[in-house]
Structures are given as C-alpha cells and as structure tokens.
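Inspection log for the structure reproduced underneath, given as structure tokens.
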Amino acid sequence: MRVYLSVDMEGVTGLTDPEEMHHGGRGYERGCEFMTGDANAVVRGAFAAGATQVLVNDAHGSTRNLRVDQLDPRATLIRGPGKPHRMGQGLTEGFDAAIFAGYHARAGVSHGVLNHTWMGKEIQNVWLNGEICGETRLVAAYAGFVGVPVVLVTGDVAVCEEAREVLGDVETVAVKQGIDMFAAELLPIEVAQRKIEESAFTALNRLTDFQPYAIEPPYTLEVEWNSTAIASACAIIPGTRRKSARNTEFTTPDYREIMALFGLYAMIAGQVACGSGVYG
C-alpha cells in the first residue's frame, strides 16, 4: 500500500501566527517542528495500517519547512522550490491513498484559521468548473485526476467541514477551533497528534470505502484577484483570458496544467504586488 502525504502549515497543530510559518519569523523553527510532528503522526498511522511506502511532500510556502532530521525514517520527502505540481508534487497513479495534513479553509471563511486560497492577499476567490474552492478541493481534484482517493484531511474545524462538503465521508481531524483568522482554541500537541495517528490508521483500514474525487474535463479555473493590475499581468499567460476587471479564466483538458498554472500566477502576482504597493 503506497500512501501520499501533502503537508501544509496553516492547519498544523498549535499554530495560529503567520510569523510561525515564514522563515525568520518569531517561532518559525518551532512551527517546523510541530509541522514535522503532524507528518510523523500520519506516517506512524500509515505504517501501522500496512503501508509499504509513504511519500511526504512539503507543500507550504518555500517548501523547505519540514525537518528532514526529525522525519520518520520510513518516509521519503520532497522539499524545495521549483516543483511544477506544487502541493501535489509526486502524486501519481501508483498511489493507493492521499492524505492532506495541516490544511486550512479557503479564503473568506470567517472561522477559518489563517484562511486563504493559495496566496495570502492577492486572491479573493477561486472557482473550479463553477464551484468555489480552496486548496482542499484543488489538490483533491488533482488526486482524482490521477485516480487516487483522499482518505484523511487534518487542520482546523473549518477545513474539516470543507473537506467533508467536497469529499463526503472522508476521515478528518480538527486540531484547533477557529475563533478568528489569527486566533483559535487548540488541542494539546500530544492529544492532537495521537488523534492524527489513529485517524490515519482508521482511514487506511477502510480504504475500499473511498473513491477518487473525479471532476469531468475540461477544467476551468477562474480566479478573482484583489488587483486589476495582477489580473492584467496574469492574462498574458497563454490560455489565460481576462474575464472581467479583476477575474481571469483558464481552461484545459489536462489538470496538471491547473496545478502548474498556480506557480506562474504566484510569480507574476508577487512581482506586480511588490512593484505596485498591492501588499499595503
């Protein structure tokens, strides 16, 4: 049984402050340890359930956050920038299950801790084939594209609700209850990671209950940006069209292009924002 694990950071046990998730920020090194602890909890549960391989993808920001020196030695790790499929890098048809750990709610969910979609301030909303979506739906659709079911999602209460709305009877673990964007009621680290380990074991022992999240092609990605300048710049990318002043749209029969597109969007949006004061 081959298991794929994508690990983000905003939904990691114990974290609520953006500084804890950016290199050089107050508490970042400790945040990386908590992130690695959640990943290890999944790995322990997966191997206890009979996994023969667990591939871990560091899916947050710089993608250099997980502590390789603390990672369970039975797992392998993808880290570092330049990954064309970003949060889904390494996920292929050969895997039996996908697990998302440390995930967060989409942009605009009031009780979602550190809620956003793919970028911090630049994106207001994202729609996939007309359905509003966050990173859970986006990456689950990629898993479905390669025929792999998502069996477990961990993060705050809001992302667990989002995961069940999108995926149905998926296993979830809520490690914190959002109060506002930067505040939450937290489970103790030991308790939360024990729940993650137990749920990974449970999910993989009921693997036949899950089906890949399949969306019929073609795939249309619409993004509502917070700036007309970003929308204009992103519309230069071949295949992307300006739908309105702040919205762009891209359609493809190959979902791998959707995943890769976000990397281009991030680079362009970052350059425009830095040059125009959009971050203010």
Side-chain angles (χ1 to χ4, degrees), residues 1-8 11 42 46 49 51 53-60 78 83-107 109 117-118 123 125-155 158-173 199-200 202-223 239 249-265:
M1 179 168 57
R2 300 179 65 210
V3 178
Y4 176 84
L5 171 59
S6 174
V7 191
D8 204 354
V42 173
Q53 177 193 2
V54 178
L55 174 62
V56 183
N57 179 31
D58 188 328
H60 174 75
I78 298 175
K83 300 184 294 190
H85 300 135
R86 299 291 294 176
M87 298 184 77
Q89 187 65 38
L91 181 54
T92 62
E93 291 85 351
F95 284 91
D96 298 286
I99 294 174
F100 302 161
Y103 271 50
H104 54 84
R106 63 177 175 80
V109 176
T117 302
W118 214 274
I123 290 178
N125 285 296
V126 173
W127 293 267
L128 179 61
N129 284 18
E131 296 284 341
I132 196 164
C133 64
E135 292 165 28
T136 299
R137 188 191 295 270
L138 287 166
V139 186
Y142 181 56
F145 177 74
V146 296
V148 180
V150 178
V151 302
L152 170 64
V153 177
T154 80
V159 79
C160 291
E161 294 169 348
E162 189 173 313
R164 289 190 294 270
E165 179 183 325
V166 173
L167 302 171
D169 187 27
V170 65
E171 291 284 335
T172 60
V173 179
S199 292
T202 299
L204 294 170
N205 270 294
R206 52 181 289 246
L207 190 55
T208 55
D209 293 343
F210 302 104
Q211 297 295 323
Y213 176 62
I215 298 177
E216 288 297 316
Y219 309 103
T220 297
L221 183 77
E222 181 180 349
V223 179
E249 194 172 78
F250 178 87
T251 300
T252 177
D254 187 345
Y255 199 86
R256 289 169 294 191
E257 294 184 355
I258 296 288
M259 298 297 288
L261 185 65
F262 273 107
L264 292 173
Y265 280 170

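These values consider heavy atoms only, across backbone and side chains, with no hydrogens, waters or symmetry-generated copies. FYI, the numbering just counts along the sequence from 1.
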Decide yes or no for [X] and [Y]: does some side-chain heavy atom of the first lie under 4.5 Å from some side-chain heavy atom of the second?
X    : Y    : result
V146 : T92  : no
R164 : V170 : yes
V150 : F210 : no
V3   : L204 : yes
F100 : D8   : no
M1   : L207 : yes
V54  : V42  : no
F145 : P217 : no

Looking only at heavy atoms, what is the nearest atom pair of [X] and [Y], with distance?
X    : Y    : answer
R86  : M259 : CG-O, 4.4 Å
V173 : S199 : CG2-OG, 3.1 Å
A107 : T117 : N-OG1, 3.0 Å
E171 : A203 : CG-CB, 3.6 Å
I99  : V151 : CG1-CG2, 3.7 Å
W127 : N125 : CH2-CB, 3.4 Å

* **Under 3.5 Å: donor-acceptor pair, side chain of K83, backbone of D58** =>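 Here the side-chain-to-backbone pair exists.
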
* **Backbone of G102 reached by a side-chain donor or acceptor of T154 within 3.5 Å** =>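 Yes; judged by distance alone, with no hydrogens or angles, the pair exists.
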
Could you grab the distance from atom [atom1] of [X] to atom [atom2] of [Y], nearest 0.5 Å is fine?
X    : Y    : atom1 : atom2 : result
Y255 : L261 : OH    : CG    : 10.5 Å
C133 : L138 : SG    : CG    : 4.0 Å
Y4   : Q53  : OH    : CD    : 11.5 Å
E135 : M87  : CD    : CE    : 4.5 Å
Y219 : E257 : OH    : CD    : 11.0 Å
L55  : I78  : CG    : CD1   : 4.0 Å

* To do: Name all pairs fulfilling the salt bridge (charged side-chain N to carboxylate O under 4.0 Å, His left out) condition that reach into residues 88-106, sequence neighbours left out, sorted by first residue then second.
  =>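 Checked against salt bridge (charged side-chain N to carboxylate O under 4.0 Å, His left out) - neighbours excluded - no pair reaches residues 88-106.
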
* Asked: Has R256 got more than 12 heavy atoms of other residues, nucleotides or ligands less than 6.0 Å from its CZ?
  ->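 Check fails, neighbour count at 12 or below.
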
* side chain to side chain contact (heavy atoms under 4.5 Å, CB included) between L128 and I215: does it pass, once the steps are laid out? -> CA-CA 9 Å; L128 179 61; I215 298 177; 3.5 Å; yes

* Could you check Y265 against I123 for side chain to side chain contact (heavy atoms under 4.5 Å, CB included), going step by step and ending with a plain yes or no? => CA-CA 10 Å; Y265 280 170; I123 290 178; over 6 Å; no

* If the plane angle is over 60° it's perpendicular, under 30° parallel, otherwise tilted; pick one for H85 and Y142. =>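 Ring orientation, 0 to 90° scale: tilted.
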
* When the ring planes of W118 and F262 are compared, do they come out parallel, tilted or perpendicular, using 30° and 60° as the limits? ->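 W118 vs F262 ring planes: parallel.
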
